[in-house]
Undergrad: 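Sharing a structure below in C-alpha cells format, with a few things to ask.
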Amino acid sequence: MKAKKWLLALTGVFFLFMILTLTPTSVLAQDKFVSFLLSGPLTGPGAAAVLPAIQATNDYMEELNARGGVDGVKVKTITVDDRYDVARGISAYQRYRKEPNLIAAAPYSTGLTAALLPLATRDKVVLFTPGGGLFQAKPGYAFLLSITYQNALAAAVDWMVADWKKKGNAGMPTIGYMGWDNAAGKDTLNGSLEYAKQVGVNFLQPEFYPPGSIKHDTWLTRLAEQGANYIYVMGVDPSHTNVIRDAAGLGLTKKIQFLNCIWGVMSTVGLRTHPEALEGTVLTASFLRGDDRLKHPAAEMFKKYQKKPAEDMNPFYGMGYANGRVFEKALGIALKEVGYEKINGEVFYNAVQKLTGEDVTQGVVGPIDFSPTSRQASKYVRFYQVKSGKLVSISGWVEAPNAVALGKF
C-alpha cells in the first residue's frame, strides 16, 4: 500500500513538473494581461517539431513578461497537448475560449485550424497555424507561421528544374510526391500541381502514407518504377528521415534526388540518426536551419531557458520564437491604438495585418508578408543540403511562386 501511494505521489509530481515546464508564463491576478492558447501534438506524430516550437513561444513570453510585458501588459500562455487529434483540439479550445482576454490561439494542425476557424471568427480570436493554403486563399482569422505548403512546393519545383538543367539534362524532370495521408499532406498539392503543369514537368500520381509509418518501400517503389528523377517528401521529421532511409536501403538515393518540405530533416533529429542515408538530401526551408539557426538570437534564449547547448536547439524552436515576436509586435500596435481597456481579438487581428514587409523575427524567416490580403508569415524560402552529415545553406532567401492562386478552395 505504501509503495502504491508513493508511486501515485511521484506521478503527480511528474505531471506538475511538465505543466510548469510547458506553461511558465504565470500572471498575477492584479497584472494587466492578455491570454494566448497554444495547442499541438506535444506527443505522437508531429511532436518532434511542435513541442520545441511551443516551448520557444512559452520561453519568449517568459522573457517578455520579465521585461514588464508590452507597455505593462503581460502575456499568459495556456499549453495543451492535443496529440494531433482534431476532437481533442476542439475540446481544448471550447474549454479555454472564455479565458479572460483570450486574443489568440496557435493550433498546430491544418485540420484542427479548419475546424476551429468558424468558432475563432465568431469569438474574434486570432489563430496562428502551419502553412495550409486554404487560409491564404481565403484571408480570415487564421495566420500562417510559415509560407504556404503549396508555395514552398512550387519553389521546390523551380529548384528541381534548375538542378535538372544544371546537370545537362534535356527536357523536363519527372517528379514524385510522398505526403502524409491527412489534411496537410493533401492540401500541399492544391495549386502546386497546377503550377507544376504550367512549368511543364511530369508530376507523377501522388503517394500518401499514414503519419507514423515504419516502412515506406511500397510507395517508394511505385514512384521509382515510373521513372521519378526527384521525390518531394511531405510530413514532419523523422518521417522524412525514415522515408529516405528506406529509399537508401532500396538503392534509390543513388539515382533519385530527394527533397524535403519545410518540416523536413532536422539537425537534432534525422541527421543524428541516419546521416549517411540523408547525404545529398535537399531541404526547402521557410526559416533558418543548419548552423544558420545557431547564429540567431533564439539560440541564446534556448540556452537560457532550456539550459542546453545551442547545438541541441531543434530548428522549430525558431518558429516558436518568431511566433512570440509577431505576437509582441502586434500587441504593441494594438495597445497604442486603443489602450489596454479596449484590447480584444479584433483589434489584435487588425494589428497583425500591419506588419507587412517588416523584419519582425530578426531574420529567422524572410520579411513578414501579413497584410489585409495575405496570411503567410513570409513568401520566401531558402534551400539547404545535407553535406558531410550537416545541413549546409545552398541559397539565400528566394521568393516562392504564388501557387495558392492556382488552387481551388
Side-chain angles (χ1 to χ4, degrees), residues 46 48-53 55-56 59 130-131 145-147 149 152-153 155-156 158-160 162-163 230-245 248 253 257-303 306 308-323 325 359 361-367 377-400:
V50 175
L51 176 58
Q55 284 176 330
D59 290 348
L145 294 167
S146 67
I147 193 170
Y149 298 143
L153 176 49
D158 284 351
W159 185 92
M160 291 180 239
D163 182 66
Y230 298 83
I231 294 179
Y232 185 88
V233 185
M234 191 278 166
V236 176
D237 201 35
S239 287
H240 304 76
T241 296
N242 293 338
V243 168
I244 298 169
R245 171 207 64 196
T253 53
Q257 174 66 61
F258 282 80
L259 287 88
N260 286 197
C261 76
I262 62 174
W263 300 97
V265 170
M266 306 181 207
S267 301
T268 56
V269 183
L271 273 179
R272 288 187 173 178
T273 56
H274 297 286
E276 296 86 4
L278 293 171
E279 188 69 17
T281 298
V282 172
L283 170 69
T284 310
S286 62
F287 51 95
L288 296 180
R289 304 294 290 269
D291 286 350
D292 289 340
R293 80 192 196 284
L294 305 181
K295 305 168 188 174
H296 189 271
E300 292 302 314
M301 192 178 79
F302 175 83
K303 290 191 291 185
Q306 298 301 316
K308 298 177 184 177
E311 290 75 16
D312 288 342
M313 183 181 77
N314 184 293
F316 290 95
Y317 193 87
M319 174 180 278
Y321 181 95
N323 195 193
R325 293 276 300 179
D359 179 20
T361 70
Q362 299 172 302
V364 76
V365 302
S378 177
K379 54 187 175 183
Y380 293 89
V381 297
R382 58 192 304 154
F383 293 94
Y384 291 83
Q385 188 168 29
V386 179
K387 296 182 179 182
S388 300
K390 296 187 70 174
L391 270 176
V392 177
S393 178
I394 58 173
S395 80
W397 290 112
V398 178
E399 184 172 346

Undergrad: Does some side-chain heavy atom of L259 sit less than 4.5 Å from a side-chain heavy atom of V233?
TA: no
Undergrad: Any donor and acceptor pair, going by atom type alone, linking the side chain of R289 with main-chain N or O of G264 inside 3.5 Å?
TA: yes
Undergrad: Identify the heavy atoms of W159 and V282 that sit nearest to each other, and give their distance.
TA: CH2-CG2, 3.6 Å
Undergrad: With sequence neighbours excluded, what pairs up with E311 under the salt bridge (Lys or Arg N to Asp or Glu O under 4.0 Å) test?
TA: none
Undergrad: Would you mind reporting whether P315 and F287 have side-chain heavy atoms less than 4.5 Å apart?
TA: yes
Undergrad: Listed by chain and number, what are the side-chain hydrogen bond (donor to acceptor under 3.5 Å, both in side chains) partners of T241, not counting sequence neighbours?
TA: D237
Undergrad: Mark yes or no for whether D59, through its side chain, and F302, through its backbone, hold a donor-acceptor pair below 3.5 Å.
TA: no
Undergrad: Working to the nearest 0.5 Å, report the span between CH2 of W397 and CG of L288.
TA: 5.5 Å
Undergrad: List the residues meeting side-chain hydrogen bond (donor to acceptor under 3.5 Å, both in side chains) with Y230, not counting sequence neighbours, and say none if there are none.
TA: D163
Undergrad: Tell me, please, which residues at least two apart from A155 pass side-chain contact (heavy atoms from CB on, under 4.5 Å).
TA: V381, F383, A400, P401
Undergrad: Counting N and O atoms only, with roles assigned by atom type, does the side chain of H274 sit under 3.5 Å from a partner on the main chain of N242, one being a donor and the other an acceptor?
TA: no
Undergrad: When the ring planes of Y321 and H296 are compared, do they come out parallel, tilted or perpendicular, using 30° and 60° as the limits?
TA: perpendicular
Undergrad: When you measure from the side chain of T284 to the backbone N and O of N260, does any donor-acceptor pair fall under 3.5 Å?
TA: yes
Undergrad: Quick one: does S378's side chain have a donor or acceptor within less than 3.5 Å of a partner on P367's backbone?
TA: yes
Undergrad: Taking side-chain hydrogen bond (donor to acceptor under 3.5 Å, both in side chains) as the test, write out the residues that go with D359, two or more places apart.
TA: none
Undergrad: Residues in salt bridge (Lys or Arg N to Asp or Glu O under 4.0 Å) with K295, at least two apart?
TA: none
Undergrad: Can you tell me how far CG of L391 sits from CG of L271, rounded to the nearest 0.5 angstrom?
TA: 5.0 Å
Undergrad: Write down the atom of P130, the atom of W263, and the distance for their closest heavy-atom approach.
TA: CB-CZ2, 3.5 Å
Undergrad: Of the non-hydrogen atoms in K303 and P309, which two are nearest, and what is the gap between them?
TA: CG-C, 4.2 Å
Undergrad: Between atom CG of L278 and atom OG1 of T273, what is the distance when rounded to the nearest 0.5 Å?
TA: 7.0 Å
Undergrad: On a heavy-atom basis, which atom in V364 and which in A322 lie closest, and how many Å separate them?
TA: CG1-CB, 3.6 Å
Undergrad: Could you tell me the separation between the CD atom of Q257 and the CD atom of Q385, rounded to the nearest 0.5 Å?
TA: 6.0 Å
Undergrad: If you define the side chain from C-beta out and look only at heavy atoms, does anything of Q306 sit under 4.5 Å from N314?
TA: no
Undergrad: Sequence neighbours excluded, which residues qualify as salt bridge (Lys or Arg N to Asp or Glu O under 4.0 Å) partners of D158?
TA: none
Undergrad: Would you give the length of the straight line joining atom CZ of F316 to atom CE of M266, rounded to the nearest 0.5 angstrom?
TA: 4.5 Å
Undergrad: Using a 4.5 Å cut-off on heavy atoms from C-beta on, say whether the side chain of D292 contacts that of R382.
TA: yes
Undergrad: Looking at S267 and G290, what are the two nearest heavy atoms and their distance?
TA: OG-CA, 3.9 Å
Undergrad: Quick one: does V365's side chain get under 4.5 Å of S286's, heavy atoms only?
TA: no
Undergrad: Just to verify, what does A377 make a side-chain contact (heavy atoms from CB on, under 4.5 Å) with, not counting sequence neighbours?
TA: F370
Undergrad: Please identify each residue that fulfils side-chain contact (heavy atoms from CB on, under 4.5 Å) with T253, with sequence neighbours left out.
TA: I244, A247, A248, F258
Undergrad: Could you list the residues that satisfy side-chain hydrogen bond (donor to acceptor under 3.5 Å, both in side chains) with K390, not counting sequence neighbours?
TA: D291
Undergrad: Tell me the closest heavy-atom pair linking A298 and Y317, and the distance in Å.
TA: O-CE2, 3.6 Å
Undergrad: How many angstroms lie between CE in M313 and CD in Q55, if you round to the nearest 0.5 Å?
TA: 12.0 Å
Undergrad: Starting from the C-alpha separation in whole Å, work towards a yes-or-no answer on side chain to side chain contact (heavy atoms under 4.5 Å, CB included) for I394 and K387.
TA: CA-CA 10 Å; I394 58 173; K387 296 182 179 182; 4.0 Å; yes
Undergrad: Not counting sequence neighbours, which residues clear salt bridge (Lys or Arg N to Asp or Glu O under 4.0 Å) with R245? List them please.
TA: none
Undergrad: Quick one: which residue pairs count as a salt bridge (Lys or Arg N to Asp or Glu O under 4.0 Å) with a foot in residues 259-281, not counting sequence neighbours?
TA: R272-D312
